[in-house]
Amino acid sequence: MPMEDTMTATKRMDRPSGTMLSRRQACALGTGAAASLATGLPNILANATDDTDTETRVDAILTSMTLEQKVAQLIMPAMRTWEDGGGVLDLGDAPGLAEALRQHQYCGVILFGSNLNDTEQAVRLVSDLQRNNAEGANAKATFTIPYLVAADQEGGSVARLSMGTRGTGSMAIGATGEDGYRNARDTGVVFGQELAALGINVDLGPCADVIGDLCDPGMSTRVFSDDPETVSDLAWGFSKGLAKCRVIACLKHFPGAGDGSDFPTSESATLDELREQGLMAFSALVEKGADMIMTSAVTFPAFDDPQTLADGTTQGHYPATMSQKIVEGLLRDELGFDGVVITDALEMEQFVTEPDTGAQLLPGTPHGVAQGVEIALRCLLAGCDILLIPCDLKDADAAQWYEDYLAGIVAQVGSGSIDEGRIDESVRRVLRLKETYGVLDLDVGGTNLQEAIARAQKVVGSAEHHKTERTIAEAAVTLLKGEDVLPVRGKGTHVVIIGRSSYDNTPISYALAELMEAGIVDPGAFVVDAITGRVSGDDKARTRLYIGSYYALEEGLVWPDGLSAAIAEADFVICMATTWAGADALQDHDDRMRGISRALEEAHAAGAKLVLIDNNLPVGAARFPEADAVVCSYLSSGYDVDPTTGSGSEHMRAINANAPAALRAVFGMANMPGTLPIDVHALERDEDGVWAYTDEVMFARGSGA
């Protein structure tokens, strides 16, 4: 199905926030497994018609709910594993988990890679989760409110559908320049079709953060650009693509400074500076009609109010998620957002320990129920609606934790710590979102499960989707340096290709097979693959290739026998760099840097040209200015999976399209039309030998092409 014609029945979803769908319209949008899951609300909405407005229906549900039911509608657990078993793939294999979920009608569940193994399994799991939720409601003689089923399908380095389409990642989309909006929207459509086919109705993506620190290990290529206008434009395109498929986009991480990995703070970010960066992007997205936003676990001491921490004396700052000044003050009041705000994962250490002082944020045993309730209270008072993963629902103890947690929040209302009206505000927003996207009208058991599986198998990881992914990957390839060096001549030359690790053998071998089939590399070339031990071709051939790697996670720097001898005879050495995140990864002692440095030194000693392929953040030209050519592809994940396309019922696991695209371009099989989506600052080594970024822009945004 052409991208422009995809899900034409859902065009009403492509709308500004506040334009609601009638119940009949919402039901008509159902596709794939999602439409097979529905129960609806027969007792509450028996008299509802197309003329009944959304608020009336939402109010009817809300007024019928007990306080306990309301609180449950604000909680979204995860269940990665159960009772020390493997990943939860079949609810029937975890009856204790099923029983725990039946105790309350939670807002929904979030699924991870450990829950999503293949298409048929995923459809069955989501269907069983929705059915189990309905059974719990029926047992309590009340109504059913179907789940929001969420997954982090940003694409690129964060992609939960191992059997689906990985996508190129956001920064690669940002590198496609004037075509970026279309590529973002098409990516959203691809993910929306695949998620909807599985019954997943919330995509916890895309990131609307504006990258500010190239050393931030939590974000890297998950971010579209360092330009807020570009970020908002592409994030909106991605969101509209999802909405065409009746999947809710969740923009993250407000106020736009990342997800809080490794306890970062935004020490120097004043309110004015944020308004020029992250807030500008989110402001535009709110104005355009964003439905759902995730808050950040980063702290902002430059403008947020200090808090007295758990010991009663230490002054520190709450994460943005728990900050009333940030969520209610900035997002709700200043930007005017009245959609659903979901927290970042509350199980993270950022909600236990204050990063600057190392002190415990709130009283109670870390990750215990009492502390969890305190965190929930701060989040709700701050203006958040959905409490994401307060605890991983992994065993009977965790199930009891949830019972005590829910009761504890109810008790906070009873004690007057939080008003029930505040709870009602959040429940109303959640129900309104479910009504808008047709979730309230899902018909559990209404469609044959085998038919839903068959439909999903035609969509998830389809050849058409991989074609879209490949097209975007090729459009993103950016040449930062070496126009006079490339392309690598594939005939009558000696070429050494060095992957970062043995995993890189997969995209290297795949790209070489395509290059040989096209005649760009001599099909009879003598190829020595030191990673697999395979040797092929005529050992008297003029074209010779050697494939190796320089790093292993367990061992650090590795240098296979024969690699130096191969480099000594090489005309070109292609070195793949795949990890740059984190300041420590840039230092001379890092084994990955040592490997690239050695390849560069030996290549130049042999008179060979060194071509560096940056497969993550595009900082290779700054770190290794001696490289003869630098090419950027913006994604380092998924290398050990064969990058082939599936069609019909033949579905391949999620692949990395970016690395083969870069290799094809380096050999001249494709152009390099990409442009740099961020400024790359120069790196300088101080007197102590420490590499750090300077204020000098070495390659400006827009470089390339």
Side-chain angles (χ1 to χ4, degrees), residues 61-78 100-101 103-108 140 142 145 294-295 297 304-305 307-312 316-329 331-332 340-348 350-354 359-393 397-431:
I61 300 168
L62 184 60
T63 55
S64 70
M65 298 173 74
T66 66
L67 177 58
E68 181 182 275
Q69 289 170 335
K70 293 175 185 177
V71 172
Q73 269 302 299
L74 305 182
I75 300 172
M76 182 178 283
L101 289 170
Q103 297 308 302
H104 304 283
Q105 287 197 76
Y106 292 109
C107 169
K140 296 177 184 295
T142 184
I145 302 177
M294 178 182 286
T295 49
D304 198 11
D305 295 330
Q307 306 288 334
T308 301
L309 304 185
D311 61 12
H317 292 84
Y318 289 161
T321 295
M322 292 165 52
S323 168
Q324 191 170 20
K325 190 170 184 178
I326 292 173
V327 182
E328 183 178 315
L331 182 55
R332 296 286 192 204
V340 169
V341 175
I342 185 171
T343 71
D344 208 338
L346 298 177
E347 63 180 353
M348 295 193 303
Q350 288 88 329
F351 295 98
V352 174
T353 306
E354 208 272 352
Q360 187 171 309
L361 280 171
L362 296 169
T365 301
H367 304 290
V369 174
Q371 187 183 82
V373 171
E374 288 291 328
I375 293 170
L377 181 63
R378 297 303 190 284
C379 293
L380 293 170
L381 289 173
C384 297
D385 301 309
I386 297 177
L387 304 167
L388 178 63
I389 324 179
C391 168
D392 198 3
L393 186 51
D397 289 341
Q400 185 59 51
W401 191 100
Y402 269 95
E403 291 297 314
D404 297 340
Y405 177 72
L406 197 152
I409 297 173
V410 170
Q412 292 286 342
V413 178
S415 70
S417 296
I418 185 170
D419 188 77
E420 186 169 357
R422 172 66 195 87
I423 302 293
D424 288 350
E425 288 177 11
S426 287
V427 176
R428 181 174 283 107
R429 291 188 189 108
V430 171
L431 293 176

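Bear in mind the structure is a predicted one, so any value in this text is a computation, not a measurement.
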Kindly determine whether Leu388 and Leu346 satisfy side-chain contact (heavy atoms from CB on, under 4.5 Å), including the steps that lead there.
CA-CA 6 Å; Leu388 178 63; Leu346 298 177; 5.6 Å; no

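Here the shortest heavy-atom pairing between Cys379 and Met322 reads SG-CG, 3.7 Å. For the residue pair His317 and Leu361, the shortest heavy atom distance occurs at O-CD2, 3.7 Å. The nearest pair of heavy atoms linking Ala297 to Asp344 is N-OD2, 4.3 Å. Of all heavy-atom pairs between Ile409 and Leu380, the closest is CG2-CD1, 4.4 Å. Nearest approach of Tyr318 to Thr308, heavy atoms of both residues: OH-O, 4.5 Å.
Two residues are said to be in side-chain contact when any heavy atoms from C-beta on lie closer than 4.5 Å; Ile423 and Met65 fail this criterion. Here the side chains of Val341 and Cys384 are in contact, with some heavy-atom distance below 4.5 Å.
Among residues two or more places apart in sequence or in another chain, the side chain to side chain contact (heavy atoms under 4.5 Å, CB included) test is passed with Thr66 by Glu68, Gln69. A search for side chain to side chain contact (heavy atoms under 4.5 Å, CB included) contacts involving Asp305 returns Gln307, Lys325, not counting sequence neighbours. Shown here are the side chain to side chain contact (heavy atoms under 4.5 Å, CB included) partners of Gln360, two or more places apart in sequence or in another chain: Ala310, Pro366, Gln371. In this structure Asp311 satisfies the side chain to side chain contact (heavy atoms under 4.5 Å, CB included) test together with Thr313, Thr314, sequence neighbours excluded. The ring pair (Phe, Tyr, Trp, His ring centres under 6.0 Å) test applied to Tyr106 returns His104, Tyr402, not counting sequence neighbours. Partners of Gln412 by side-chain hydrogen bond (donor to acceptor under 3.5 Å, both in side chains), not counting sequence neighbours, listed by chain and number: Ser417. Contacts of Asp424 classified as side-chain hydrogen bond (donor to acceptor under 3.5 Å, both in side chains), with partners at least two apart in sequence or in another chain: Lys70. Under the salt bridge (Lys or Arg N to Asp or Glu O under 4.0 Å) criterion, Asp304 pairs with no residue at all, not counting sequence neighbours. In this structure Ser426 satisfies the side-chain hydrogen bond (donor to acceptor under 3.5 Å, both in side chains) test together with Asp385, Arg422, sequence neighbours excluded. Not counting sequence neighbours, Asp404 has no partner by the salt bridge (Lys or Arg N to Asp or Glu O under 4.0 Å) test. Under the side-chain hydrogen bond (donor to acceptor under 3.5 Å, both in side chains) criterion, Thr343 pairs with no residue, sequence neighbours left out.
Atom OG in Ser323 sits 12.0 Å away from atom CZ in Arg378 (nearest 0.5 Å). For the atom pair CG of Asp392 and CD of Glu347, the computed distance is 5.5 Å after rounding to the nearest 0.5 Å. Taking CD of Gln400 as the reference point, atom CD of Gln103 lies at 10.0 Å (rounded to 0.5 Å).
Applying the ring pair (Phe, Tyr, Trp, His ring centres under 6.0 Å) test to pairs two or more places apart or on separate chains, none has a residue in residues 407-426.
Looking at Thr321, Ile342, Ile386 one by one, the single match for side-chain contact (heavy atoms from CB on, under 4.5 Å) with Met294 turns out to be Ile342. Put simply, the residue from Cys391, Cys107, Pro390 that forms a side-chain contact (heavy atoms from CB on, under 4.5 Å) with Ile75 is Pro390.
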